[in-house]
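Data block below; observations after.
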Amino acid sequence: MQFKSVLAIATFSVCIMLSACNNEGSSAVTQNNQDQKLKLQPIVIQGALPVESERMASKLDQVSIETIGGWKFWKGTYHGYPMIISKTRMGMSNSAAATAIAIERYKPIAIINQGTSGGHDPKLNVYDIILGKYATNIGAFKTPSKAVGAGSNSLEWVEAFDVLPEDETDPEPIAIRKFEADSKLLAAAHRTQHLYQKGKVVEGTIGSADVWNNELDRIHFFYQNYGTSVEEMEAASVAQIASQFSVPFIGIRVVSNNITNGGTYDAGTGEACQDFVLEVAEQYMSEQLKD
């Protein structure tokens, strides 16, 4: 009996030592993984308004806030990954400026521009999410020549003006410019879409301009001629700046209202989109560790 007791005690002691070694090994792996995450450059996630940015900012750890000019940036981590939430404010100029500042100051690994939008596609419902395969400027035109008193009809503005032409000597660069999403960001969004349960997640084209369109004929014009799924006021200008700095970009938008099918505004869509985009960002960042 005495021998058996000694053997049992010895066996128990060995088990404790092995468990401690395993725990130490596990802690070392966890710490190493965390260290690798923090070596990544941050991803910037943008939202124009508080309803499109503050929920994400509240979920960051180790947060510091910087205000540069009129633009606010929350710098922190999400599940260990470095992230910056940028409140760009509304409109093409604001979002372009916020993007240029973010790129120069934070050297981001990628940019996601997200938020609410109005539907152009009648098949889209409130809470559906558009992964912007393309972003395009729907506010740059060359209007037809008309004499005084001849009136104005926006449905006749069929010549789109390319604000970033390859040939800058061309005085009239007439073309629809579409900025394509980064393929890896788009793939990460698709791998995450099963987590979103409040609506469909589909690819589409995001139309941007400093205009709020409520004329159904005008909306249909963009839907037919530009292939727009939704409209908002930022994504194309962000894509334009990101392209000139060669920073990976994607626009992601939730349908907050859709007058083409009677879908009324729901303020909860802004929070739903932010939650989804944080998952997309984490998915993208995790894949960068493997590259």
Spatial distance of atom [atom1] ([X]) from atom [atom2] ([Y]) [nearest 0.5 Å]:
X      : Y      : atom1 : atom2 : answer
Phe249 : Phe179 : CZ    : CZ    : 9.5 Å
Asn214 : Ile219 : CG    : CD1   : 6.5 Å
Trp74  : Thr67  : CH2   : OG1   : 8.5 Å
Gln274 : Glu279 : CD    : CD    : 13.0 Å
Trp71  : Ser95  : CH2   : OG    : 10.0 Å
Ile103 : Ile101 : CD1   : CD1   : 11.0 Å

Identify whether [X] and [Y] are in the same connected component of the hydrophobic contact network (ILVMFWY, side-chain heavy atoms under 4.5 Å).
X      : Y      : value
Leu40  : Leu38  : no
Val211 : Tyr223 : no
Ile68  : Ile241 : yes
Ile112 : Leu186 : yes
Val238 : Leu185 : no

Give the table of side-chain donor-acceptor pairs shorter than 3.5 Å for residues 202-209, with sequence neighbours excluded, one pair per line with atom names and distance.
residue, atom, partner, partner atom, Å
Glu203, OE2, His190, NE2, 2.7
Ser208, OG, Glu232, OE1, 2.4
Ser208, OG, Ala235, N, 3.3
Ser208, OG, Ala236, N, 2.9

Could you tell me whether the side chain of [Y] reaches within less than 4.5 Å of the side chain of [X], counting heavy atoms only?
X      : Y      : result
Ile111 : Ile43  : no
Gln114 : Gln46  : no
Thr264 : Asn257 : no

Chi angles and distances behind the side-chain contact (heavy atoms from CB on, under 4.5 Å) call for Ile252, Ile130:
CA-CA 6 Å; Ile252 298 177; Ile130 306 304; over 6 Å; no

Side chain [X], main chain [Y], donor-acceptor under 3.5 Å:
X      : Y      : value
Asn261 : Pro122 : yes
Glu156 : Ser152 : no
Glu52  : Gly270 : no
Asp128 : Gly199 : no

Quick one: salt bridge (charged side-chain N to carboxylate O under 4.0 Å, His left out) partners of [X], sequence neighbours excluded?
X      : answer
Asp275 : Arg55, Lys59
Lys198 : none
Glu168 : none

Pairs involving residues 104-125, ordered by first then second residue, that meet ring-ring contact (aromatic ring centres under 6.0 Å, His included) (sequence neighbours left out):
Phe73-Tyr106

Which residues share a side-chain contact (heavy atoms from CB on, under 4.5 Å) with Arg191, sequence neighbours left out
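Arg191: side-chain contact (heavy atoms from CB on, under 4.5 Å) contacts with Ala187, Gln283, Glu287.
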
Could you list the residues that satisfy side-chain contact (heavy atoms from CB on, under 4.5 Å) with Thr269, not counting sequence neighbours?
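Thr269: side-chain contact (heavy atoms from CB on, under 4.5 Å) contacts with Thr116, Val126, Tyr127, Val254, Ser256, Asp266.
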
For residues 75-93, please give each side-chain donor-acceptor pair under 3.5 Å, one per line with the distance, not counting sequence neighbours.
residue, atom, partner, partner atom, Å
His79, ND1, Glu282, OE1, 3.0
His79, ND1, Glu282, OE2, 3.1

Can you list, by chain and residue number, the hydrophobic cluster partners of [X] when the side-chain cut-off is 4.5 Å?
X      : value
Phe161 : Ile174
Trp212 : Met233
Trp157 : Ile138, Phe141, Leu155, Val158, Ile176, Phe221, Phe222, Tyr226

Selection residues 215-230 - residue pairs positive for salt bridge (Lys or Arg N to Asp or Glu O under 4.0 Å), sequence neighbours left out
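Qualifying pairs, neighbours excluded: none.
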
For Glu66 and Lys72, run salt bridge (charged side-chain N to carboxylate O under 4.0 Å, His left out): C-alpha distance rounded to whole Å, both residues' side-chain angles, the deciding distance at 0.1 Å, then the answer.
CA-CA 6 Å; Glu66 290 188 293; Lys72 190 172 184 179; over 6 Å; no

Exercise: identify the closest heavy-atom pair between [X] and [Y]:
X      : Y      : value
Ala102 : Pro108 : O-CD, 3.6 Å
Phe276 : Ala189 : CZ-O, 4.0 Å
Ala281 : Ile45  : CB-CD1, 3.7 Å
Thr99  : Ala242 : CG2-N, 4.4 Å
Gly132 : Ile250 : O-CG1, 4.0 Å
Val230 : Arg253 : CG2-CB, 4.2 Å

Could you go through Tyr196 and Ile129, starting from their C-alpha distance and side-chain angles, then the distance that decides it, and tell me whether this counts as side-chain contact (heavy atoms from CB on, under 4.5 Å)?
CA-CA 9 Å; Tyr196 187 73; Ile129 281 181; 3.6 Å; yes

Is the shortest side-chain N to carboxylate O distance from Asp121 to Lys123 below 4.0 Å?
yes

Are Asn137 and Arg177 close enough, and set up right, to give a side-chain contact (heavy atoms from CB on, under 4.5 Å), and what steps lead you there?
CA-CA 7 Å; Asn137 187 330; Arg177 162 74 64 169; over 6 Å; no

The test is side-chain contact (heavy atoms from CB on, under 4.5 Å); show your working for Leu164 and Ser243 and say whether it passes.
CA-CA 10 Å; Leu164 197 64; Ser243 71; 3.9 Å; yes

Other residues, nucleotides and ligands only: do more than 12 of their heavy atoms fall within 6.0 Å of NZ on Lys184?
no

